[in-house]
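Values below: every heavy atom of this structure, side chains too, minus hydrogens, waters and symmetry copies. We're numbering straight along the sequence, starting at 1.
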Amino acid sequence: MPAWKKSIFVNALKARMIQENRTAEGIIAEYTKLTETEKTEILADLS
């Protein structure tokens with residue numbers, strides 16, 4: 001996944017975690033078009 005795309009997802013997850021008071025894992029599960037590898041990359045950058 002390109003760095004710019006990963007950055008967008010990381011920022012979106014951070015914002016949604018704050019606004020919706022949810023976990024990153026719960027939110028990222030809703031992104032059905034992402035592969036498991038992409039989800040893992042995003043979650044790794046989030047921490």
Side-chain angles (χ1 to χ4, degrees):
M1 169 182 292
W4 62 268
K5 186 176 179 182
K6 190 175 0 175
S7 177
I8 291 170
F9 276 106
V10 168
N11 290 332
L13 279 176
K14 285 180 183 177
R16 287 187 66 186
M17 286 171 62
I18 292 168
Q19 291 175 354
E20 299 173 13
N21 197 27
R22 295 173 56 198
T23 65
E25 292 80 10
I27 295 169
I28 205 163
E30 296 174 357
Y31 294 99
T32 57
K33 295 197 178 198
L34 289 175
T35 65
E36 289 303 316
T37 305
E38 290 172 329
K39 290 178 183 180
T40 303
E41 286 181 37
I42 294 166
L43 290 173
D45 269 16
L46 194 60
S47 354

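Across all their heavy atoms, L46 and K14 have their closest contact at CD1-CG, 3.5 Å. In this structure, A24 and M17 approach most closely via the heavy-atom pair CB-SD, 3.7 Å.
Although no hydrogens or angles enter the test, the distance criterion places no donor-acceptor pair under 3.5 Å between the side chain of S7 and the main chain of A3.
Between the CG atom of D45 and the OG1 atom of T40 there is a distance of 11.5 Å, given to the nearest 0.5 Å. Expressed to the nearest 0.5 Å, how far CG of L13 lies from CZ of R16 amounts to 7.5 Å. Taking CD of E38 as the start and CE of M1 as the end, the distance is 4.0 Å to the nearest 0.5 Å.
Salt bridge present: E30 and R22 bring a charged side-chain N and a carboxylate O closer than 4.0 Å. Salt-bridge check for K5 with E41: failed, with every basic side-chain N at 4.0 Å or more from each acidic carboxylate O.
Counting heavy atoms from C-beta outward, Y31 and I42 have side chains that stay 4.5 Å or more apart.
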